[in-house]
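Below, chains carry the letters A, B, ... as their sequence lines are ordered, and counting in each starts from 1.
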Protein chains: 2
Amino acid sequence: MNDIDKQIANIIQADGKASSAEIANHVGISVSSANERVRKLKSIGAITQWRGVLNPSAFGVELLVFIFVDMSYEGEYEATCALTECPEVQEIHHISGPHSYLLKVRVKNTVALQEFINTSVKPLKAVVKTETLMVLDTSKETTEIDLGHLNKGG
Amino acid sequence: MNDIDKQIANIIQADGKASSAEIANHVGISVSSANERVRKLKSIGAITQWRGVLNPSAFGVELLVFIFVDMSYEGEYEATCALTECPEVQEIHHISGPHSYLLKVRVKNTVALQEFINTSVKPLKAVVKTETLMVLDTSKETTEIDLGHLNKGG
DNA sequence: GGTGAAAGAAGATAACG
DNA sequence: CGTTATCTTCTTTCACC
């Protein structure tokens with residue numbers, strides 16, 4: 001994992017459709033070498049997947065919310081497993097602070113949100129309390145990580 | 001935008017490397033038709049981009065945090081613009097409730113977090129207060145949206 | 001909208017320097 | 001690690017239903 005690998009990863013995380021030729025040109029190596037590096041980055045789990053990103057509202061999914069979920073220790077594992085299975089749940093984070101978990105959830109509308117909370121969250125044994133934050137507007141949303149100055153702070 | 005389009009979008013959001021032939025097979029149309037539908041989904045903005053997803057820890061980015069940012073109205077726009085430019089910031093959501101904004105931020109470690117808050121957040125005029133939630137563990141993280149039962153709740 | 005065929009581009013593999 | 005050659009696969013385009 002040297003600087004060229006990071007450059008390649010950076011290209012791919014910005015454009016999943018970048019061809020091997022484009023990658024090779026940008027980092028200044030041959031196509032076959034670029035191919036080999038991408039293969040290796042994938043095999044060691046540095047690049048985990050390729051995805052198309054959809055515009056939720058184009059599919060009628062208009063609501064984005066974050067939900068704090070407070071859980072008791074008993075049944076915690078089962079609860080997170082159940083939540084993982086919910087297609088509306090995009091992210092599940094175990095967090096520090098007064099709340100146990102933070103969920104990122106996308107649903108069609110408030111009716112669907114109500115239904116999700118009532119049928120998929122509240123029935124879980126471990127769930128003690130929930131607190132929902134409605135997102136009014138999202139000005140940035142990317143999966144890109146900062147590979148620009150990895151020496152920062154370390 | 002019919003059912004076949006949604007099926008195609010669903011395949012692509014799960015696997016950005018799915019070939020036209022694979023897509024065509026799965027939805028039961030010809031390769032050229034599948035291609036045309038993908039082109040159209042892209043042109044109408046239903047599919048916004050293709051991305052490779054990196055494993056942050058493979059690149060030394062070990063910390064994920066959510067930061068509540070309270071802002072005054074004055075300078076709010078400039079502040080969000082400035083935050084948008086920060087590579088550490090993956091998401092910026094304007095939210096309801098006592099806090100103004102919720103940021104999703106990835107940095108190398110606590111030192112980098114400290115530096116980010118001190119140099120990129122606190123100096124912004126509109127920023128009144130911040131509250132940082134540390135993520136201890138992430139059990140699910142995807143960009144996929146639920147296209148399975150779009151009639152839910154509507 | 002959909003199909004199938006053909007030409008061009010890109011990917012994967014292997015031998016060699 | 002780069003080059004070249006080869007094989008395979010995907011994409012794009014076009015004429016046609």
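Residue B/Lys17 qualifies as enclosed at atom NZ: its count of foreign heavy atoms under 6.0 Å is above 12. Atom NZ of B/Lys140 is surrounded by more than 12 heavy atoms from other residues, nucleotides or ligands within 6.0 Å. Other residues, nucleotides and ligands contribute only 12 or fewer heavy atoms inside 6.0 Å of the NZ atom of B/Lys125.
Within the 4.0 Å cut-off from OP1 or OP2 of D/dT12, at least one side-chain nitrogen or oxygen of B/Asn35 is found.
Results of the side chain to side chain donor-acceptor pair (under 3.5 Å) test with A/Asn10 over A/Lys6, A/Gln7, A/Gln13 single out A/Gln13 as the only residue that passes. Under the side chain to side chain donor-acceptor pair (under 3.5 Å) rule, B/Lys104 has a single partner from A/His93, A/Glu141, A/Glu91, which is A/Glu91.
Atoms CG (B/Asn25) and C1' (D/dT11) sit 16 Å apart, rounded to a whole Å. Taking atom CH2 of residue B/Trp50 and atom P of nucleotide D/dT11, one finds them 10 Å apart after rounding to whole Å. Between B/Ile23 atom CD1 and D/dT9 atom C1' the separation is 15 Å, expressed in whole Å. If you take NZ of A/Lys40 and P of C/dT13, they are 14 Å apart, rounded to a whole angstrom. One interatomic measurement links the two molecules: CD of B/Glu36 to P of C/dG2, which rounds to 9 Å at whole-angstrom precision. Rounded to whole Å, atom C1' of C/dT13 lies 12 Å from atom CZ of A/Arg39. Rounded to whole Å, the distance from CG on B/Asn2 to P on C/dG1 is 8 Å.
For B/Ile29, counting side-chain heavy atoms from C-beta on, the closest listed nucleotide (C/dG11, D/dT11, C/dT3) is C/dT3. In this structure, of C/dA10, C/dT3, D/dG2, it is C/dT3 that holds the atom nearest to the side chain of B/Ser32. The side chain of B/Ala21 sits closest to D/dC10 out of D/dG2, D/dC10, C/dG2. The side chain of A/Arg37 lies closest to D/dC1 when the candidates are D/dC1, C/dA10, D/dG2. Out of C/dT3, D/dC1, C/dG11, the shortest distance to the side chain of B/Ser30 is found at C/dT3. Side-chain proximity of B/Val31 to the nucleotides D/dT12, D/dC1, C/dG11 is greatest for D/dT12. Which of C/dA10, C/dG2, D/dT11 sits closest to the side chain of B/Ser20 comes down to D/dT11.
Residue order along DNA chain C, read from the 5' end via each residue's closest nucleotide, puts B/Ile4 first among A/Lys17 and B/Ile4.
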